[in-house]
Amino acid sequence: MAKDRGLCVMVVVLLAVVQRSLEITDAGIIQVWSAPGRVTRLPCNLAAPSRDVAMMLWFKDGDRMPIYTVDFRNGPPVHWAVAGEFGARTHFVLNESDTSSAHLAVEKVAHRDEGVYRCRIDYVDSPTRNYRVNLTVIVPPESPRIYDSEGREILGTVAGTFREGQDLLLSCQASGGKPPPDVSWYRGEERLAYTKEGSVCQLLLPELTREMAGTRFQCRVEPPLLKAVYRDVTLKLFLKPQFVRVTGNGISRAGHDRAFVCTTRGSKPAPNIDWFINSQKIDSTLTEVDVDGEVTRSVLTWRIRREDSGRQLVCRVSNPWFPAYTLEDSVVLDVMYPPVAQISLLEPREVRLLREDENAELLCSADASPAPDNFTFYKEDHIIRDDPVGGITVEGNKLILRGLRRHHSARYRCRARNSEGSALSEPLTLNVLSRPECSAGSVVQQLAGAPGGEVRARCSVTAPSIHDAGPLRFYWTFNGTKDVLPGISGRGLTEAVYRASNDAPQFVLDALSPGRYTFLVYSETPRGRSPRPAALHSVTINPSNDLDRPGSLQTMTPAPPPMTAGDNSVALLVGAALTLILLTILTTLCVALVVMCKKKTRPSRDPEQSTILRRSVGVSMYGGSSISSSVVPTVVVRGHRGSRVLAARWSGVLDDAPLAVLALDTRAHDDIDSQSEEHQETEFTKTMDDMETQTDS
């Protein structure tokens, strides 16, 4: 029973040794791999019953001394082991029923136990046999390390982040193992890649799909006789957005806020959402973004404008890790807004082509949504209505003017109206090129003039501007003979001209209403003109019933002209002044006598002549020369039998008959009084200079 128990123990030990070692016979050498700290066996096949064996000896690395001996010669086997630590860990195992499994067991194998062992078997009647056993102690590899395609080590349990569609290469490396371990990649229980007895195993995954996001891959390192080592990594991917959709389309009103929502899903990380209107990027401050897992929403609040009608509102989604990949969705804005009206000339095409007796067609166009349903035309501020008799027709958004006349020259506007409101256009000015026409009140003029004198006639017409119709030409005829006479205009002054001879000049003032007036008398001869006019300020013109009243005679002698550089004699000035005073007194007495005589003997005036005199105010003609400064007029205003006459006399000797010019300042008397006498005379002189210049030209 004890013997059977010993045999059972030997079999168990043998099985344990088999599980802890690896034997490989190669070229007469048995290769044995053993894990450190384990029990291993060094095989030595007896190839015969133990009774036929005399001795069994074990040597290491060519040593001459055996490290272990078994003597079968004298009964039960006698064991002997070399003294020391190694001998204490070794013992010989023999199974009598299977002598081929005989081996030397070594416990707690260490790296120092490595070497080539030789087993020598001495038989009783057979030649000696030797076996060579190479014992290698397995060295476990380092912990596996994982690298990506760019050689970056992946730390932790997450591999990435990688991009969807990218080719992925993962390398699992187990360094330092002896012998080299088996390295492989698994996804679940599916082996994806395998390297036998190598330190590196590579996993190639072409075109990563979004389904691989979050997938766990395992690297297994399996050294012989050792427990396998595992390393798990989870794949992290950047994903493209899957779809995009814009909501919020429909009819919008200009001037109102409208919310549009752009929804996208599937992007990792959350995508960028940009809004565009007609390719113009919208400020991101007008949007709000909400992220809920894989769903991202962007809400745009947009103030609808009139010009947005028909434009495309685009939502563009992009992931910064995929710059070349974008998704878009859009809506076309349908905007309702009030009209913006514009009036234009449809026929003729250009305003300068508008002529009398021709037709014109005006068009009222409007930018509006919905389209305008009502149009109204205006001339100045008055509505234009259909008038077939007057040649006016309104047809929808067209205005037709037939038989153009001068009165059609005006500013035209139009108003367009739809359900959203109405608008008035900017004005369009029409200038109808018409024939010249006499101004109101200038058709017939009656001119008065003394025999041998001069008169001035004025032709006033209304005609298009030179820019529109070219230069305006006047033609004058006298008794059928064509003659050109110059025209002169004053600024605020009415002139009358009297060609003086031997008589004192007289100016009929019948047309003046009662009141106060200022008269300026200006003398002129071919040799020149007086340097200053004679000014009569605040002359009272009495009512007609006072004309014949005694004492109505008014006399005014203007101040002498200022001294010039040539007046270097005080005596001459004093003499001239005294002479002037004396002449004034004599002139006044003469005029008084003449007036008294004329009251008695004055014949009745021809009605036609009287009419001419009454209408002579404002008609003038004069030359341009100067007289001596010593010639000073004396002016007399008198009234007689319904007529007012302004008479002017001169002191001094004149070679030529002077031309007396009466200028009546028609401005308000209050304004005249507020000005200085010198300023008035200066203004009058300037006016005379301008008139003379026009006459000479």
Side-chain angles (χ1 to χ4, degrees), residues 19-24 26-27 31-38 111 114 134 136-242 266-269 271 294 318-325:
Q19 293 177 355
R20 288 170 172 77
S21 63
L22 178 64
E23 301 173 5
I24 302 175
D26 183 15
Q31 300 287 344
V32 175
W33 297 88
S34 178
R38 305 284 178 87
H111 289 288
E114 283 188 337
N134 184 11
T136 301
V137 178
I138 295 174
V139 176
E142 298 176 359
S143 298
R145 309 177 76 171
I146 299 176
Y147 299 87
D148 61 17
S149 58
E150 296 182 2
R152 295 188 297 262
E153 183 177 2
I154 297 174
L155 304 176
T157 60
V158 177
T161 306
F162 303 104
R163 294 190 301 274
E164 178 184 356
Q166 175 184 354
D167 294 340
L168 176 63
L169 179 64
L170 295 178
S171 298
C172 183
Q173 178 177 330
S175 302
K178 189 177 74 171
D182 295 339
V183 183
S184 55
W185 281 99
Y186 283 83
R187 179 173 56 189
E189 295 301 321
E190 178 187 5
R191 188 166 69 177
L192 304 176
Y194 173 71
T195 300
K196 183 175 178 59
E197 297 181 359
S199 59
V200 178
C201 183
Q202 293 183 332
L203 173 63
L204 177 62
L205 299 175
E207 296 185 4
L208 293 174
T209 62
R210 65 185 308 110
E211 290 76 20
M212 292 183 180
T215 301
R216 188 176 66 178
F217 296 93
Q218 186 180 77
C219 173
R220 296 181 184 179
V221 179
E222 300 174 289
L225 303 178
L226 297 179
K227 185 177 180 180
V229 180
Y230 306 96
R231 173 78 184 276
D232 294 339
V233 290
T234 300
L235 198 59
K236 182 179 180 181
L237 296 181
F238 287 139
L239 303 177
K240 302 175 183 178
Q242 291 180 288
S267 177
K268 287 187 179 181
E294 290 189 357
S318 63
N319 188 319
W321 290 94
F322 305 91
Y325 181 83

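Side-chain atoms are counted along with the backbone in the values below, which use heavy atoms only and exclude waters and symmetry mates.
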Query raised in the report: If you measure from CZ on R145 to CG on L155, what distance do you get to the nearest 0.5 Å?
Result: 8.0 Å

Query raised in the report: Closest approach of P269 and S267, non-hydrogen atoms and distance?
Result: O-OG, 2.8 Å

Requested in this report: Could you give me the CA-CA distance, side-chain angles and deciding distance for R152 and E150, then say whether salt bridge (Lys or Arg N to Asp or Glu O under 4.0 Å) is met?
Outcome: CA-CA 6 Å; R152 295 188 297 262; E150 296 182 2; 2.2 Å; yes

Requested in this report: For residues Y325 and N319, determine if any side-chain heavy atom of one lies less than 4.5 Å from a side-chain heavy atom of the other.
Outcome: no

Query raised in the report: Are the side chains of R231 and V229 in touch, meaning some heavy atoms are under 4.5 Å apart?
Result: no

Query raised in the report: So, do F217 and L205 sit near enough that their side-chain heavy atoms are less than 4.5 Å apart?
Result: yes

Query raised in the report: Taking atom CD1 of I154 and atom CG of D148, what is their separation to the nearest 0.5 Å?
Result: 5.5 Å

Report task. Report the C-alpha distance between D182 and E197 in whole Å, list the side-chain angles of each, state the deciding distance to 0.1 Å, and finish with yes or no for side chain to side chain contact (heavy atoms under 4.5 Å, CB included). Result -> CA-CA 5 Å; D182 295 339; E197 297 181 359; 3.9 Å; yes

**Report entry** side chain to side chain contact (heavy atoms under 4.5 Å, CB included) evaluation trace for K236 with T234
**Finding:** CA-CA 6 Å; K236 182 179 180 181; T234 300; over 6 Å; no

**Report entry** Distance-minimising heavy-atom pair for M212 and L237
**Finding:** C-CD1, 4.0 Å

Query raised in the report: Side chain of E142, backbone of G176: donor and acceptor closer than 3.5 Å?
Result: no

**Report entry** Side-chain (W185) to main-chain (C201) donor-acceptor, under 3.5 angstrom
**Finding:** yes

Query raised in the report: Roughly how far, to the nearest 0.5 Å, is the CG atom of D167 from the CD atom of E207?
Result: 6.0 Å

Query raised in the report: Of all heavy-atom pairs between L192 and L203, which one has the smallest distance, and what is that distance?
Result: CB-CD1, 3.7 Å

Query raised in the report: What's the spacing between R38 CZ and W33 CH2 if we round to 0.5 Å?
Result: 15.0 Å

**Report entry** Atom pair OG/CD of S143 and Q173 - distance to nearest 0.5 Å
**Finding:** 12.5 Å

Query - Side chains of S199 and P141 in contact at under 4.5 Å (non-hydrogen atoms) - result: no

Query raised in the report: Quick one: does Q166's side chain get under 4.5 Å of F238's, heavy atoms only?
Result: no

Report task. Measure across P224 and P179 and return the closest heavy-atom pair with its distance rounded to 0.1 Å. Result -> CG-CG, 3.3 Å

Query raised in the report: Just wondering, do Q202 and S171 contact through their side chains at under 4.5 Å, heavy atoms?
Result: yes

Query raised in the report: Quick one: does R210's side chain have a donor or acceptor within less than 3.5 Å of a partner on Q242's backbone?
Result: no

**Report entry** Flag if over 12 foreign heavy atoms under 6.0 Å of CZ, R216
**Finding:** no

Requested in this report: Quick one: pull up OH in Y147 and CG in L170 and give me the separation to the nearest 0.5 Å.
Outcome: 13.0 Å

Query raised in the report: Do T215 side-chain atoms and L235 backbone N/O form a donor-acceptor pair below 3.5 Å?
Result: no

Requested in this report: Of all the heavy-atom pairs spanning C172 and V183, show the shortest one and how long it is.
Outcome: O-CG1, 3.9 Å

Query raised in the report: Where do L226 and P140 come nearest, in terms of heavy atoms and distance?
Result: CD1-CB, 3.5 Å

Query raised in the report: If we only count heavy atoms from C-beta on, is the E114 to V137 side-chain gap below 4.5 Å?
Result: yes

